[in-house]
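Report on one structure; see the data block that follows.
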Amino acid sequence: KVVIYANYHLNRDTVLKKHDEKLQINGYTFIGNPHLLRPNVVLRCIFLKPDETYQVTAYRLTQNRLMNLGVYKFVNIRFQESDSTGKQGTQDAYIYLTLMQRKMLRAEIRAVTESNNYTGPQLNLSFRNRNFLHGAELFTANAHGSFETLLGNGYSGLSTYEIGGDVSLEVPRFMVPFQLTNISSLYTPKTKISLGYDLTNRLDYFLINDFHAKFGYDWQEDIKRRHE
């Protein structure tokens, strides 16, 4: 059998916690909170099959795919001799998954001096959610603003301000309108979507509005080949 502890804590035992459930899904035993991270997202990354012969390739695929989800700090796979089949040499697999911190907020304030004598403050804000829709999606939002004024060279008072931001969503699978079979790669394929806007205003000279949007895929086939 294959048992998955989907939100295991290193400093606790494997007793069910509040909101945890024990589910039987396609021969797997899933233990965890199914509303925190959907079980089908985890099972897509597991290539160790119940009642099948152990293969080192399946072990490596499972470990790498789970780590590449981007939500787990630790992935630990242990094997223990089975006491349920009565057959000698049969082992059960236990997969212990420890989650990373889900949300992160960052603020940065800088004083900028450029080679063209523009000087001023700059503010950057960043928010990250590693499990945005409970499917290991990475959501990122960034905002920035700056004000610079020209000092010296006889042009004192010439000023520029910039504001802008962008949001992006990274989904750990190919988002396509047709069915794809599970790709046997050490790396998780990803779909990337982003939207952004920037405004640059050099007072009394020009105003620039810039809107941008992107949609694409990122898949590393092996250690040497990557497709974007």
Side-chain angles (χ1 to χ4, degrees), residues 35-38 40-42 44-45 64-73 99-151 155 157-178 180 183 185-221 223-228:
H35 306 292
L36 181 63
L37 182 61
R38 296 194 301 273
N40 67 303
V41 176
V42 178
R44 273 204 309 263
C45 299
N64 279 274
R65 281 293 194 93
L66 288 169
M67 285 300 298
N68 270 269
L69 274 180
V71 295
Y72 289 118
K73 185 188 299 184
L99 289 164
M100 289 183 178
Q101 181 178 342
R102 182 180 175 186
K103 297 178 182 179
M104 183 182 71
L105 179 64
R106 179 181 178 182
E108 182 182 44
I109 300 176
R110 298 193 300 173
V112 178
T113 300
E114 299 183 359
S115 59
N116 57 6
N117 292 327
Y118 273 95
T119 303
Q122 185 179 82
L123 173 65
N124 297 313
L125 298 173
S126 178
F127 172 76
R128 173 175 289 193
N129 188 327
R130 296 180 184 274
N131 189 24
F132 185 56
L133 301 174
H134 306 286
E137 301 90 354
L138 174 61
F139 173 80
T140 305
N142 300 301
H144 63 87
S146 66
F147 178 83
E148 299 175 346
T149 188
L150 183 60
L151 302 177
Y155 294 98
L158 185 62
S159 300
T160 302
Y161 70 83
E162 297 182 11
I163 58 173
D166 61 81
V167 293
S168 65
L169 183 65
E170 189 175 288
V171 182
R173 60 184 174 86
F174 285 126
M175 294 179 63
V176 292
F178 49 85
L180 282 177
I183 301 172
S185 166
L186 289 174
Y187 305 94
T188 304
K190 297 175 181 178
T191 300
K192 296 183 176 182
I193 307 167
S194 65
L195 295 169
Y197 169 73
D198 290 292
L199 180 147
T200 302
N201 188 357
R202 176 159 294 179
L203 301 179
D204 300 324
Y205 280 85
F206 61 78
L207 176 67
I208 300 175
N209 289 283
D210 178 26
F211 296 90
H212 47 273
K214 295 181 181 179
F215 180 92
Y217 303 101
D218 183 4
W219 178 48
Q220 189 165 343
E221 187 175 352
I223 196 171
K224 296 181 178 179
R225 289 179 290 184
R226 183 169 183 169
H227 311 279
E228 285 191 89

Is it true that a side-chain atom of Y205 and a backbone atom of S159 form a donor plus acceptor pair closer than 3.5 Å?
no
Take atom CD1 of I109 as the centre, draw a 6.0 Å sphere, and report whether it contains more than 12 heavy atoms from other residues, nucleotides or ligands.
no
Run the numbers on F132 and L138 for side chain to side chain contact (heavy atoms under 4.5 Å, CB included), then give the verdict.
CA-CA 6 Å; F132 185 56; L138 174 61; over 6 Å; no
Using atom types as modelled and distance alone, determine if a side-chain donor or acceptor of T119 lies under 3.5 Å from a backbone N or O of T113.
no
Side chains of F206 and T200: closer than 4.5 Å at any heavy-atom pair?
yes
For this output row, return yes or no: ring centroids of Y197 and F211 closer than 6.0 angstrom.
yes
The complete set of salt bridge (Lys or Arg N to Asp or Glu O under 4.0 Å) pairs with one or both residues in residues 102-111, sequence neighbours excluded, reads none
How close do Y72 and V42 get, heavy atom to heavy atom, and via which atoms?
OH-CG2, 3.6 Å
What is the distance from atom CZ of F147 to atom OG1 of T160, rounded to the nearest 0.5 Å?
8.0 Å
Roughly how far apart are D218 CG and T188 OG1, rounded to 0.5 Å?
10.5 Å
Say you draw a straight line from CG of D198 to CG of D166; how long is it, rounded to the nearest 0.5 Å?
7.5 Å
Where do A136 and L37 come nearest, in terms of heavy atoms and distance?
N-CD1, 3.5 Å
Candidate list K214, K190, R130, test salt bridge (charged side-chain N to carboxylate O under 4.0 Å, His left out), partner E170, passing option:
K190
Short side-chain to backbone donor-acceptor contact, H134 and H35, under 3.5 Å
yes
For the pair N131 (side chain) and L36 (backbone), establish whether a donor and an acceptor sit closer than 3.5 Å, ignoring hydrogens and angles.
yes
Correct closest heavy-atom pair for E137 and R38 would be OE2-NH2, 3.7 Å
When rounded to the nearest 0.5 angstrom, what distance separates CZ in F215 from CG in L169?
10.5 Å
Closest heavy-atom pair, N142 versus S126, reported as atoms and distance to 0.1 Å, is OD1-OG, 3.0 Å
What distance do S146 atom OG and H144 atom NE2 have between them, rounded to the nearest 0.5 Å?
7.5 Å
Atom CG of L199 and atom CG of D210: how far apart are they, to the nearest 0.5 Å?
10.0 Å
